[in-house]
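The structure appears below as structure tokens.
On a predicted model such as this, the values are computed, not experimentally measured, just so you know.
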Amino acid sequence: MLFSLSFALLAYEVVLLRILAYLQWYHFAYMVISLALLGFGASGTLMHIFRPFWERHFTRSFEAALILTAVTMAAVKPLLAIIPTDVFIAIWQPWQLWGLIALCLVLFLPFLCGAFGIILVLSRTPGKIAVYYGANLAGSGTGALAGILLLYLWHPLAIPRILALLITVAVALFALSNQLRGRSRHQARAFPAALAPSIIGAAAVVILGWGIALNPAMSQYKALSRARQLPATDVLLEGYSPLGVADLVQGPTLRAAAGLSLSYQGTIRPQIAAFIDGNPVGVVPLLDDTSAGAPLRHTSQALAYRVRFAPDDDGNAKQVLVLNAGPGSEVHQALMHGGSSVTAVVRDGKLLDMLGHLSGIKAGSGDVYTDPRVKTVVADARSYLYRGSQQYSLIMIPPLSGILNTAAAMQSIHEDNLLTVEGIAAMMHRLAPDGILCLTTMLDNPPRRPLKLFGLLAAANLSGVLGDSGSSGGHLAAISSWNMVTMLYSQQA
């Protein structure tokens with residue numbers, strides 16, 4: 001029983017991280033660990049204050065703790081749907097903080113009840129503390145791994161009710177084992193009464209988890225929430241993984257033109273946009289649009305190809321590395337401009353699976369990653385840079401590693417270990433002697449991101465990665481459109 005309870009609590013904690021990152025912003029997930037620790041601490045205090053009572057009624061108290069853990073887990077989804085949580089306007093409307101307090105309470109209760117059950121068992125028989133503590137650690141470790149695996153199978157919001165149902169099964173087994181240990185016929189006839197609490201708990205879990213049709217709403221400030229408000233916008237595909245919930249969204253008004261030239265006179269066709277946890281990561285490229293008037297040929301990122309990829313230079317191998325490639329616009333752009341080989345490093349493999357299924361759902365949509373010239377690597381971008389030594393003619397990073405148009409307050413705390421001095425230096429090390437590093441960021445007002453990025457490139461150039469510490473031999477260039485700034489770095493002019 002202790003193993004099952006510890007398993008469910010740690011799996012719930014892992015899943016809760018993803019739920020808050022999906023519904024709100026990923027930094028809300030940081031408070032999950034605090035809530036878990038608070039639950040364990042509060043349960044220990046509760047145990048100490050009323051210890052004589054709990055020891056006299058150990059069996060009933062343990063069953064009640066497990067049932068309450070299951071019920072409060074199953075209640076997370078419907079309660080999140082009705083609790084107003086809009087902390088962005090709490091400065092102007094302080095009563096919004098009550099919603100945050102209620103949210104913390106709802107997420108805290110399963111930890112309180114579950115931790116109380118663990119403490120009851122550990123304090124019951126001190127002589128077997130090593131066995132029970134070992135079961136607790138084994139259950140916790142297995143639960144943490146299972147929480148990650150479950151995120152491949154179900155939407156994060158659906159997992160707490162499954163864990164709650166698992167706990168009710170554990171309650172039933174606990175009640176049955178207690179009855180089987182009884183010797184008298186009176187105890188043997190008490191099976192219906194012994195199973196009554198677990199049956200009631202299972203019924204409550206089913207009603208709360210499956211019977212109440214309430215779905216929590218994503219923060220209205222996320223890009224996916226805004227996109228869904230556009231007319232005739234539909235979610236084509238949705239996929240789940242430990243890295244987030246991926247959505248492919250189509251609509252007649254979804255047209256991407258990041259960094260497009262102000263002199264562009266062509267037509268921008270509707271495209272399918274990709275989101276992870278409600279944040280945009282790019283658009284699915286239109287593979288049939290390779291003409292001279294294609295929008296991808298007139299963006300600021302195309303500067304890198306105009307500088308190095310001359311049309312009459314087909315004899316030379318043009319190796320392109322696209323980091324954090326996303327749905328593939330940058331990969332398609334590299335192929336359009338004559339890239340002979342494109343290595344695309346994709347962080348989320350689930351997104352690749354969804355792109356593979358897209359062509360069968362949406363006519364005219366293709367998967368650029370099936371092109372024989374494209375090598376796909378599912379890995380973290382920075383770890384990939386450290387794993388090999390192959391050099392590239394061009395290293396391309398999508399705008400801000402694929403995260404665009406998020407709230408300004410969120411961008412201020414968004415960390416990216418690729419956009420650091422060490423990360424940029426690792427990219428410079430993988431450049432061919434005449435290679436170009438291309439980075440793009442949004443143009444904000446007053447300018448902040450472009451200045452930070454330019455300073456980052458300058459600092460990495462002076463870091464000595466190319467063997468000459470303090471050298472200023474590198475060359476930097478920048479070009480801006482109406483909303484983007486693209487910067488190029490090369491050792492050769």
Side-chain angles (χ1 to χ4, degrees), residues 1-19 32 35-37 39-40 43-44 46-47 54 57-77 107-126 128-154 156 158-181 191 194-206 208-210:
M1 295 306 107
L2 190 59
F3 177 90
S4 301
L5 182 57
S6 302
F7 174 93
L9 278 180
L10 261 294
Y12 167 72
E13 184 175 354
V14 171
V15 171
L16 203 56
L17 295 170
R18 286 256 50 92
I19 290 176
V32 173
L35 292 174
L37 293 175
F40 276 80
S43 62
L46 189 63
M47 175 67 189
W54 308 128
H57 306 281
F58 169 77
T59 300
R60 292 182 179 178
S61 299
F62 185 66
E63 287 185 359
L66 264 65
I67 292 172
L68 288 175
T69 303
V71 172
T72 52
M73 274 190 189
V76 165
K77 181 180 176 182
L107 303 180
F108 157 78
L109 287 176
F111 293 115
L112 173 67
C113 300
F116 186 75
I118 294 175
I119 293 174
L120 275 176
V121 175
L122 294 178
S123 61
R124 176 69 173 177
T125 52
K128 297 182 179 180
I129 188 69
V131 176
Y132 290 140
Y133 193 56
N136 172 238
L137 289 177
S140 299
T142 308
L145 177 61
I148 296 175
L149 297 178
L150 288 173
L151 289 169
Y152 283 107
L153 303 176
W154 290 288
I159 298 177
R161 62 187 181 185
I162 297 173
L163 296 174
L165 203 58
L166 172 65
I167 295 176
T168 60
V169 173
V171 176
L173 293 175
F174 176 75
L176 287 173
S177 65
N178 282 338
Q179 292 302 309
L180 291 175
R181 283 198 297 265
F191 275 103
L195 291 176
S198 59
I199 294 174
I200 295 173
V205 167
V206 171
L208 289 170
W210 284 270

- [ ] Grab the two heavy atoms, one from Ser61 and one from Trp54, that are nearest each other, plus how far apart they are.
- [x] OG-CE3, 3.5 Å

Open item on the list: Would you compute the distance between atom CZ of Phe40 and atom CZ of Phe116 and round it to the nearest 0.5 angstrom?
Closed with: 13.0 Å

TODO: Compare all side-chain heavy atoms of Thr168 with those of Ser198 and state whether any distance is below 4.5 angstrom.
DONE: no

Open item on the list: Let me confirm one number: the CG-CD1 distance from Leu122 to Ile129, rounded to the nearest 0.5 Å.
Closed with: 4.5 Å

- [ ] Kindly indicate whether the side chain of Tyr12, heavy atoms from C-beta on, has any atom under 4.5 Å from the side chain of Thr69.
- [x] no

Open item on the list: Could you tell me if the side chain of Leu173 sits less than 4.5 Å from the side chain of Val169, heavy atoms only?
Closed with: yes

Task: Value rounded to 0.5 Å, distance of CG in Leu163 from CG in Leu5 - done: 11.5 Å

Task: Exceeds 12 heavy-atom contacts within 6.0 angstrom, atom CZ of Phe58 - done: yes

- [ ] Pick out which of Val14, Leu37, Leu16, Ile19 makes a side-chain contact (heavy atoms from CB on, under 4.5 Å) with Val32.
- [x] Leu16

- [ ] Could you walk me through whether Trp210 and Val205 pass side-chain contact (heavy atoms from CB on, under 4.5 Å), step by step?
- [x] CA-CA 8 Å; Trp210 284 270; Val205 167; 4.2 Å; yes

Open item on the list: With a 4.5 Å cut-off on side-chain heavy atoms, are Phe111 and Thr72 touching?
Closed with: no

Open item on the list: With rounding to the nearest 0.5 angstrom, report the CE to CG distance, Met73 to Leu9.
Closed with: 5.0 Å

- [ ] Flag the pair Ile118 / Tyr132 as yes when at least one side-chain heavy-atom distance between them is below 4.5 Å, and no otherwise.
- [x] no

- [ ] Say whether, by atom type as modelled, one donor and one acceptor occur between the side chain of Ser123 and the main chain of Leu120 under 3.5 angstrom.
- [x] yes

